[in-house]
Amino acid sequence: VAFLCIACVVLHTGSSALTGERQTATKEALRLALKEFLLSEAGVPKVTNMSSTPGPSKAANQMFLCCLSILVALELSAAAEECALSGYEPSKPRYLKFCQDYNSNACCIPGHDLENQLQFEFLIDGLGPGCKNPMMYPMIRYFYCLGCDPDQPLYTEDDPSGESDGIVRICSAFIKRLWDDYQQEFKECGVMQWNECPENMPDFDPYTCGDDLIIPPRVFERGIDFMNRFPPPGMYDYTFVERSDDCWQPPFMR
């Protein structure tokens, strides 16, 4: 009993780090341990009279509660780790070309990765030969890959207003890198902003209905406003907010 309870505590402590197959295996092991223990007690333990004299029934009660709490925690953890783009837990993808940081574990598949690349290319497509190059605006490239980051679910929460699919917390330090540190380049080159499609064409991709060259510092007061106008592909219905901690930033800043 003591050994199994200690195992429960250890698993509970590390449950947030368990994902995918490890979570499944852990939950199955706990179910089996619980089943064996209940069988050894010849019945389901009653979760009552916990203050009575220690004995087999109390031990079974404690084990039952311990395993049950871990199973619930794992189920909640699995739900929280559902990716915005794939709808599944993070996993090792086939080759990602644009968002290469996530080739070992990702929240996206190659089709999402290609969409990230295409939307970035549209963003810089009309900037002219003096500006356009595939390596410009690297911070926007990182931001466009947010949907592929396996940690994306950790920094996404429900929108209590129900006006968006969720709220994503973005670190102030990264917003500064993307917005403040590139003010001069934004002023000298700008970006291509897509035009909104007519109401009878609501599901068309950005840039389908044309675009216009804009100079971001003349249009947006804050970096987070710019990021909400140019969100990561596939996350257009999410809201992005600025936070100082417990927030998303690309791997190189962690």
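Just so it is clear, the structure is predicted and the values come from calculations on it, not from any experiment.
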Hey, is the main chain of Met136 close enough, under 3.5 Å, to the side chain of Asn133 for a donor-acceptor pair? yes
If you measure from CD on Gln152 to OH on Tyr102, what distance do you get to the nearest 0.5 Å? 10.5 Å
What do you reckon, is OH of Tyr236 surrounded by more than 12 foreign heavy atoms closer than 6.0 Å? yes
Given the rule in the salt bridge (charged side-chain N to carboxylate O under 4.0 Å, His left out) test, do Glu196 and Arg229 qualify, once you have shown the distances and angles that lead to the verdict? CA-CA 11 Å; Glu196 298 292 344; Arg229 184 62 179 89; 3.7 Å; yes
Test ring-ring contact (aromatic ring centres under 6.0 Å, His included) on Tyr142 and Phe174 and set out the steps. CA-CA 10 Å; Tyr142 282 119; Phe174 175 64; 7.2 Å; no
With a 4.5 Å limit on heavy-atom distance, are the side chains of Asp246 and Tyr155 in contact? yes
Test Cys83 against Cys108 for disulfide bond (SG atoms under 2.5 Å apart), laying out the working first. CA-CA 8 Å; Cys83 300; Cys108 69; over 6 Å; no
Could you tell me whether the side chain of Gln183 and the main chain of Trp179 form a donor-acceptor pair under 3.5 Å? yes
Donor-acceptor pair, distance only, cut-off 3.5 Å: does the side chain of Arg94 make one with the backbone of Ile109? no
For the rings on Tyr144 and Phe230, is their centre-to-centre separation under 6.0 Å? no
Quick check on side chain to side chain contact (heavy atoms under 4.5 Å, CB included): which of Leu146, Ile167, Asp159, Val168 does Tyr238 satisfy it with? Val168
Could you check whether Arg243 makes a cation-pi contact with Trp248, meaning its NZ or CZ is under 6.0 Å from the centre of the six-membered ring and within 45° of the ring axis? no
Keeping the roles fixed (side chain from Glu188, backbone from Glu185), state whether a donor-acceptor pair exists under 3.5 Å. no
Main-chain N/O of Ala106 paired to Lys92 side chain as donor or acceptor, under 3.5 Å: no
To the nearest 0.5 Å, tell me how far Thr239 OG1 sits from Glu163 CD. 7.5 Å
Hydrophobic cluster identity match, Val219 and Phe240, side-chain contacts under 4.5 Å: yes
Please assess Cys197 against Cys209 for the test disulfide bond (SG atoms under 2.5 Å apart), listing each intermediate value before the final yes or no. CA-CA 5 Å; Cys197 289; Cys209 297; 2.0 Å; yes
Look at the side chain of Asn105 and the backbone N and O of Ser91, then say whether any donor-acceptor pair between them is shorter than 3.5 Å. yes
For residues Met253 and Ile175: do they belong to one hydrophobic cluster (side chain heavy atoms under 4.5 Å, members Ile, Leu, Val, Met, Phe, Trp, Tyr)? yes
May I ask you to decide if Pro134's main-chain N or O and Arg141's side chain share a donor-acceptor pair within less than 3.5 Å? yes
Calculate, to the nearest 0.5 Å, the distance between atoms CD1 and CD belonging to Ile224 and Glu242 respectively. 6.0 Å
Relative to the ring of Phe122, is the ring of Tyr207 parallel (under 30°), tilted (30 to 60°) or perpendicular (over 60°)? tilted
Leu213 and Met192, any side-chain heavy atoms less than 4.5 Å apart: yes
Quick one: sort the Phe226 and Phe186 rings into parallel, tilted or perpendicular, breaks at 30° and 60°. tilted
Within a radius of less than 6.0 Å around CG of Asp158, do more than 12 heavy atoms belonging to other residues, nucleotides or ligands occur? no
Decide yes or no for Ile140 and Tyr182: does some side-chain heavy atom of the first lie under 4.5 Å from some side-chain heavy atom of the second? no
Does Glu115 use its side chain to pair, donor to acceptor, with the backbone of Gly234 at less than 3.5 Å? no
Hydrophobic clusters here meaning ILVMFWY residues chained together by side-chain heavy-atom distances under 4.5 Å, can you tell me if Leu85 and Tyr88 are in one? no
Quick one: are Asp101 and Cys145 in side-chain contact, heavy atoms under 4.5 Å? no
Nearest 0.5 Å, please: how far is SG in Cys189 from CG in Leu127? 6.5 Å
Does the pair Asp181/Arg177 count as a salt bridge with the N-to-O cut at 4.0 Å? yes
Thr156 OG1 to Arg169 CZ distance, which is reported to the nearest 0.5 Å: 7.5 Å
Are Phe220 and Ile215 linked, directly or through other ILVMFWY residues, by side chains that come within less than 4.5 angstrom of each other? no
Atom pair CD (Glu82) and SG (Cys107), whose distance is rounded to the nearest 0.5 Å: 9.5 Å
